[in-house]
Amino acid sequence: STITIGIEPQAPSALNADYADASSFSTLVLTWADNSGNERGFELERSQNGTDYVQAAALGANTTAYTDTGLAAATRYWYRVKAYNLFGESEYSAGTDIYTRAAVPTNTAFTEVSRNSLAVTWEAGGNPGNVLYTAELSTSLGFGAPFTARMTISSSPYVFSGLVTETTYYLRMKAENEAGIQTTYTTIVSTMTGTKPEAPSALSVDYADGSSFGTLAVSWTDNSDNEQGFRLERSQYGLDYLQIAALGRDATAYTDTSL
């Protein structure tokens, strides 16, 4: 009779994980060196905590690469690989780990616009809560010297303040995983800060009636459709004015009784 004596394959080495492309957050490319000529195949294993591994793929002989798909955004994965044949298994390769890319934020928008501030919102696009977001706001479409804010998803919405009235601002955002790898920018959106209301005109003061000495009727023309209200001021000398009333939008008259 014939006795066949075989040996286990050598362990693969130089295991490496890299991004499939510059935009995909759910795909990684694994490569390794095949150090044996007698393997029947390879078993690639994946872990999300560096301890508990599950098989990610069973691959044929002479395989040295695998594309792992369907992964979560901005998540750390550990990998290891071993060879096998009829006579047993090799040792595992040295492991490697990598964070998948973050997903590009979605639905970036201006939600509140005022004269000197803008509130921006976005959606995570599948990112976990540990992802950082960078929002850039600029008066230039080329984003020269932008206002920059870095925040987590808990900061949505974010308010940019101290802005210039009646000015167009452009916004773009990107996300960053815990390894510091950044996504591409979102599509640029723009808006204009609020405009000042037009000044009222035709201000007039008249007697409230024929007998009262302590009351005057004040009226004016409202020339604006974007005011939040009116502030009426009074002076006894024409120099030092004090506010006597804060009135709602569309107001065009006030009766002053504090004379």
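All figures in this text were calculated on a predicted structure; none of them were measured in a lab.
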Residue pairs, two or more places apart or on separate chains, that pass ring-ring contact (aromatic ring centres under 6.0 Å, His included) and touch residues 161-218: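 Qualifying pairs: none.
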All pairs passing ring-ring contact (aromatic ring centres under 6.0 Å, His included) where residues 10-52 contributes a residue, at least two apart: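 For residues 10-52: W32-F42.
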Among V205, I244, T215, L232, whose side chain to side chain contact (heavy atoms under 4.5 Å, CB included) with D256 holds?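 Testing D256 for a side chain to side chain contact (heavy atoms under 4.5 Å, CB included) against V205, I244, T215, L232 leaves exactly one candidate, I244.
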Within 45° of the ring axis of Y53 and under 6.0 Å from its six-membered ring centre, is that where the NZ or CZ of R80 lies?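 Yes, a cation-pi geometry holds between R80 and Y53.
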Ring-face cation of R249 near F230 (centre distance under 6.0 Å, axis angle within 45°):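 Ring-cation test returns no.
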For D240, is there any backbone N or O sitting under 3.5 Å from a side-chain donor or acceptor partner on S235?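 Answer holds: yes.
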Check: A245 main-chain N/O paired with R234 side-chain donor or acceptor under 3.5 Å: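 Checked: no pair found.
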More than 12 heavy atoms of other residues, nucleotides or ligands under 6.0 Å from CD of E91: yes or no?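 It does not: E91 CD has 12 such atoms or fewer within range.
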When you look at CD of Q236, are more than 12 heavy atoms from neighbouring residues, nucleotides or ligands closer to it than 6.0 Å?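 Atom CD in Q236 is not crowded, with 12 or fewer foreign heavy atoms closer than 6.0 Å.
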If the condition is ring pair (Phe, Tyr, Trp, His ring centres under 6.0 Å), which residues does F110 pass it with, not counting sequence neighbours?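 Checked F110 against ring pair (Phe, Tyr, Trp, His ring centres under 6.0 Å); zero matches.
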Residues two or more places apart in sequence or in another chain: which of them pass ring pair (Phe, Tyr, Trp, His ring centres under 6.0 Å) with W78?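 Here no residue qualifies.
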List the steps, then state whether side-chain hydrogen bond (donor to acceptor under 3.5 Å, both in side chains) holds for T96 with N16. CA-CA 6 Å; T96 190; N16 182 68; 5.2 Å; no
Let me confirm one number: the OG1-CD1 distance from T100 to I181, rounded to the nearest 0.5 Å.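 Separation between the atoms: 11.0 Å.
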Partners of S219 by side-chain hydrogen bond (donor to acceptor under 3.5 Å, both in side chains), sequence neighbours excluded?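 Counting only residues at least two positions away or on another chain, S219 forms a side-chain hydrogen bond (donor to acceptor under 3.5 Å, both in side chains) with S204.
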Suppose we screen for side chain to side chain contact (heavy atoms under 4.5 Å, CB included). Which residues come up paired with N38, at least two apart in sequence or across chains?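 I7, P9, S36, N85.
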Does the plane of the ring in Y79 sit parallel, tilted or perpendicular to the ring in Y77? Use 30° and 60° as the thresholds.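 Geometry flag for Y77 against Y79: tilted rings.
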